[in-house]
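Following: one structure in structure tokens, then a few remarks.
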Amino acid sequence: FRGAYYQLLCDQEMKTDLINLTEAFLKKHPRDALALTYLSHGLRLSGRIPEAVSHLEKLHKLNPSDPVTLNSLGSAYKGLGDFEKAEQFLNRATTVKPDYGVAYWNKSDISHSPQEDLANIKKALTKVSYPANSHFFHFCAYRLLENNGEYEEAFTHLKTANEQKRSTLS
């Protein structure tokens with residue numbers, strides 16, 4: 001129930017309420033992963049990225065192999081402009097969970113190895129465990145291919161991504 005409530009606050013963009021509730025909960029339960037996750041999310045949405053990173057680092061210590069935390073840390077470091085650290089965390093997220101399309105998306109605009117990433121994305125597309133998640137991979141492929149000047153294949157992926165994204169909304 002608590003997770004659904006936190007998510008509702010996120011969806012309604014009630015960042016201050018989310019931050020206040022999770023901070024109050026963490027005073028009694030400082031190692032609660034759910035509260036740390038949503039607190040860091042609320043802080044990031046509020047532009048308080050350094051504070052979010054601090055909480056994400058605590059969360060990372062609790063579970064160093066959690067792909068969601070690794071992705072969140074990567075995305076937060078990207079927001080701080082530390083692209084090297086961001087890519088390290090995002091690489092770890094995709095290593096731990098090769099079908100984690102969100103992490104590939106977050107990495108696709110800062111990648112130092114776009115050809116390798118594209119190969120991993122194409123491989124993941126053959127194995128995606130959640131059909132609703134595959135649009136992330138196609139959006140990533142589009143971004144990487146477009147940046148490489150391979151427009152025809154890029155736009156094929158963009159078309160597929162948009163079709164699949166629309167299907168998740170119905």
Side-chain angles (χ1 to χ4, degrees), residues 1-114 116-118 120-121 123-124 127-141 143-144 165 168:
F1 174 74
R2 193 167 42 96
Y5 185 61
Y6 289 161
Q7 187 59 52
L8 178 65
L9 292 174
C10 284
D11 294 344
Q12 298 298 316
E13 297 189 23
M14 299 174 73
K15 301 170 275 212
T16 303
D17 291 335
L18 177 62
I19 292 167
N20 292 339
L21 283 168
T22 52
E23 284 179 333
F25 190 84
L26 286 165
K27 285 180 183 173
K28 294 180 182 177
H29 310 278
R31 297 171 51 93
D32 184 80
L34 185 64
L36 284 167
T37 299
Y38 277 98
L39 173 58
S40 66
H41 186 67
L43 291 167
R44 286 180 55 219
L45 290 174
S46 298
R48 296 164 57 185
I49 298 172
E51 290 174 76
V53 168
S54 174
H55 292 288
L56 286 167
E57 291 286 359
K58 289 177 196 170
L59 189 58
H60 181 248
K61 287 178 185 168
L62 293 174
N63 188 355
S65 297
D66 177 51
V68 174
T69 302
L70 293 166
N71 174 65
S72 295
L73 269 166
S75 182
Y77 278 114
K78 185 169 104 171
L80 291 174
D82 189 342
F83 301 127
E84 186 175 314
K85 206 167 208 176
E87 191 169 21
Q88 289 171 2
F89 280 108
L90 294 167
N91 282 338
R92 287 183 53 208
T94 59
T95 299
V96 170
K97 187 169 173 51
D99 65 347
Y100 192 21
V102 176
Y104 279 103
W105 172 250
N106 285 330
K107 183 180 166 203
S108 65
D109 62 342
I110 61 168
S111 176
H112 286 94
S113 50
E116 181 182 327
D117 288 341
L118 188 57
N120 288 334
I121 288 166
K123 189 161 115 179
K127 301 178 183 181
V128 174
S129 57
Y130 308 108
N133 190 25
S134 62
H135 65 278
F136 282 110
F137 291 99
H138 286 289
F139 280 126
C140 295
R143 181 184 271 172
L144 292 166
K165 178 64 178 172
T168 67

Can you check whether [Y]'s main-chain N or O pairs, donor with acceptor, with [X]'s side chain at less than 3.5 Å?
X: Lys78; Y: Asn106; result: yes
X: Ser111; Y: Ser113; result: yes
X: Ser75; Y: Ser72; result: no
X: Asn71; Y: Pro67; result: no
X: Glu51; Y: Leu43; result: no

Between [X] and [Y], what is the shortest heavy-atom contact and its length?
X: Ile110; Y: Ala86; result: CD1-CB, 3.8 Å
X: Leu56; Y: Ala76; result: CD1-CB, 4.0 Å
X: Ser108; Y: Leu144; result: O-CD2, 3.5 Å
X: Ala124; Y: Pro98; result: CB-O, 3.7 Å
X: Pro64; Y: Arg92; result: O-NH2, 3.3 Å

Quick one: [atom1] on [X] to [atom2] on [Y], what's the gap to the nearest 0.5 Å?
X: Met14; Y: Asn20; atom1: CE; atom2: CG; value: 10.5 Å
X: Lys15; Y: Leu18; atom1: NZ; atom2: CG; value: 10.5 Å
X: Leu34; Y: Leu39; atom1: CG; atom2: CG; value: 11.0 Å

Would you mind reporting whether Ile19 and Arg48 have side-chain heavy atoms less than 4.5 Å apart? yes
Side chains of Tyr38 and Leu21, heavy atoms from C-beta outward: is any pair under 4.5 Å? no
Output, in order, the C-alpha distance, side-chain angles, deciding distance and verdict of side-chain contact (heavy atoms from CB on, under 4.5 Å) for Thr94 and Asn120. CA-CA 9 Å; Thr94 59; Asn120 288 334; over 6 Å; no
Can Lys97 and Asp99 be counted as an ion pair, charged N to O under 4.0 angstrom?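 Result for this pair is yes, salt bridge flagged.
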Which label fits Tyr77 and Phe89: parallel for a plane angle under 30°, tilted from 30 to 60°, or perpendicular past 60°?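 Ring orientation, 0 to 90° scale: parallel.
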Under the side-chain hydrogen bond (donor to acceptor under 3.5 Å, both in side chains) test, residues paired with Asp66 that sit two or more places apart: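 For Asp66 the side-chain hydrogen bond (donor to acceptor under 3.5 Å, both in side chains) partners, ignoring immediate neighbours, are Thr69.
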